[in-house]
Amino acid sequence: MANPAPRHPAHDALLTRWATHLNSAREAACHPSPSPYGQDLLARWAEPQRRYHTTDHLLAILDRVDELITHATDPAAVRLAAWFHDAVYLPDRSTNEERSARLAERALPEAGVPQERTAEVARLVRLTRTHDPAPGDTNGEVLCDADLSILASSPEHYAAYAAAVREEYGFVPDDAFREGRAGVLRELLAMPRLFRTPEARDRWEEAARRNLATELALLDA
């Protein structure tokens, strides 16, 4: 029998954080313990096919959401959406966001989250497929900005991110990967704004565009 993967160093802290986020989203009533739901989510984020979409990514998104959360109209929904947004992740599938949203739609009502907030969480998870929130969608802006924040990291961190993405798509031949990845980068660079919240735009827009342009130039070389 294979040995289980080692626990992430932040596992217990993340479980505590999950319980806080779930409890803040519930209606006042008796509900199941948050722990089994959190354990299931963390097991999903630790699956072996992941190289970038890992527990470290979850932790980073939760931190970035916290930095931008005053912009959101429903902070509890945004935080839960961060937990679920890549809970289902198979690199060779195009349905990850939809399946992650459906997981939230099943799990959250059972855990005591009201239907209206559950629907908002699922909507936000689906939004991470395009990262294109409508004007005035402040919840979507916070989640999408947090999810794209990796684009504005240091050159070394960005290079590690790009390498991890390539590992996740190791089943794709080099030529096909370069073509597909370059298309994604061009689509991002063509967006009028990568980041929608004022804080993220001020902090991350310039660095993100510089990193994207550098990666695209390397792919095209």
Salt bridge (Lys or Arg N to Asp or Glu O under 4.0 Å) between Glu206 and Arg210: does it pass, once the steps are laid out? CA-CA 6 Å; Glu206 183 178 348; Arg210 185 166 58 246; 3.8 Å; yes
Set out, in order, the CA-CA distance, both residues' side-chain angles and the distance that settles ring-ring contact (aromatic ring centres under 6.0 Å, His included) for Trp45 and His85, then state yes or no. CA-CA 10 Å; Trp45 283 95; His85 83 285; 5.5 Å; yes
From CA spacing to verdict: side chain to side chain contact (heavy atoms under 4.5 Å, CB included), Arg44, Asp86: CA-CA 9 Å; Arg44 291 172 179 274; Asp86 280 320; over 6 Å; no
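Atom CG of Asp174 and atom CG of Leu219 lie 10.5 Å apart (nearest 0.5 Å). To the nearest 0.5 Å, atoms OG1 (Thr128) and CZ (Arg123) are separated by 11.5 Å. A distance of 8.5 Å separates OG1 in Thr214 from OH in Tyr158, rounded to the nearest 0.5 Å. The distance from atom CD of Glu97 to atom CZ of Arg126, rounded to the nearest 0.5 Å, is 10.5 Å. With values rounded to the nearest 0.5 angstrom, Asp40 atom CG is found 9.5 Å from Trp18 atom CH2. Here Leu15 contributes atom CG and Ser35 contributes atom OG; the two are 5.5 Å apart, rounded to the nearest 0.5 Å.
Hydrophobic clustering (side-chain heavy atoms under 4.5 Å, transitive across Ile, Leu, Val, Met, Phe, Trp, Tyr) keeps Leu80 apart from Leu127. Hydrophobic clustering, with ILVMFWY side chains joined whenever heavy atoms are under 4.5 angstrom apart, keeps Leu124 apart from Phe84. Residues Val113 and Ile69 do not share a hydrophobic cluster, defined by chaining ILVMFWY side chains whose heavy atoms lie under 4.5 Å apart. Val65 and Val125 are not part of a single hydrophobic cluster, where members link through side-chain heavy atoms under 4.5 Å apart. Hydrophobic clustering (side-chain heavy atoms under 4.5 Å, transitive across Ile, Leu, Val, Met, Phe, Trp, Tyr) groups Leu216 together with Leu148.
Shown here for Leu14 and Trp83, the closest heavy-atom pair between the two residues is O-CH2, 3.3 Å. For Ala146 against Leu68, the heavy-atom pair with the smallest separation is N-CD1, 4.2 Å. For the residue pair Arg117 and Ala25, the shortest heavy atom distance occurs at NH1-O, 3.1 Å. Between Pro155 and Asn211, the closest heavy-atom pair is CA-OD1, 4.2 Å. Smallest separation of non-hydrogen atoms from Leu59 and Ala10: CD2-CB, 4.2 Å. Closest heavy-atom contact between Ala122 and Ala101: O-CB, 3.7 Å.
Donor-acceptor pairing under 3.5 Å is recorded for the side chains of Asn23 and Arg26. Side-chain N/O atoms of Tyr52 and Glu167 include no donor and acceptor closer than 3.5 Å. With no hydrogens or angles considered, a side-chain donor-acceptor pair links Glu141 and His71 at under 3.5 Å.
Comment: Glu199 does not engage Arg203 in a salt bridge, judged by the lack of any side-chain N to carboxylate O separation of less than 4.0 angstrom. Salt bridge status for Asp74 with Arg79: absent, with no side-chain N to carboxylate O gap under 4.0 Å. One finds a salt bridge joining Asp63 and Arg17 here, because a Lys/Arg side-chain nitrogen approaches an Asp/Glu carboxylate oxygen to under 4.0 Å. Taking 4.0 Å as the cut-off between side-chain N and carboxylate O, Arg64 and Glu67 count as a salt-bridged pair. Under 4.0 Å is where a charged nitrogen must lie from a carboxylate oxygen, and between Glu215 and Arg181 at least one such pair does.
For Asp175, the salt bridge (charged side-chain N to carboxylate O under 4.0 Å, His left out) test picks out Arg178, with sequence neighbours left out.
Checked by atom type and distance alone, the side chain of Thr16 pairs as donor or acceptor with a backbone atom of Asp12 at under 3.5 Å. With hydrogens and angles ignored, the 3.5 Å screen pairs no side-chain donor or acceptor of Asn139 with any backbone N or O of Ala72. Checked by atom type and distance alone, the side chain of Arg209 never pairs as donor or acceptor with a backbone atom of Ala152 at under 3.5 Å. With hydrogens and angles disregarded, a donor-acceptor distance shorter than 3.5 Å links the side chain of Glu168 to the backbone of Arg51. The backbone N or O of Asn96 lies less than 3.5 Å from a partner atom in the side chain of Ser100, making a donor-acceptor pair.
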Can you list, pair by pair, the side-chain donor-acceptor contacts under 3.5 Å of residues 183-197, counting residues two or more places apart and other chains?
residue, atom, partner, partner atom, Å
Arg186, NH2, Asp220, OD1, 3.2
Arg186, NH2, Asp220, OD2, 3.1
Arg196, NH1, Pro133, O, 3.0
Arg196, NH2, Asp132, OD1, 2.7
Thr197, OG1, Asp145, OD2, 2.8
Thr197, OG1, Ala200, N, 3.3

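The closest side-chain heavy-atom distance from Arg93 to Arg99 is below 4.5 Å. Looking only at side-chain heavy atoms (C-beta outward), Tyr161 and Leu151 come within less than 4.5 Å of each other. Side-chain contact between Thr54 and Leu58 is absent, with no heavy-atom pair separated by less than 4.5 Å.
The local environment of CZ in Arg102 is sparse, with at most 12 non-hydrogen atoms from other residues, nucleotides or ligands closer than 6.0 Å. The number of heavy-atom neighbours closer than 6.0 Å to CD of Gln49, taken from other residues, nucleotides and ligands shown, is above 12. Environment of CD in Gln39: crowded, with over 12 heavy atoms of neighbouring residues, nucleotides or ligands closer than 6.0 Å.
For residues 89-147, the ring pair (Phe, Tyr, Trp, His ring centres under 6.0 Å) pairs, not counting sequence neighbours, are His53-Tyr89.
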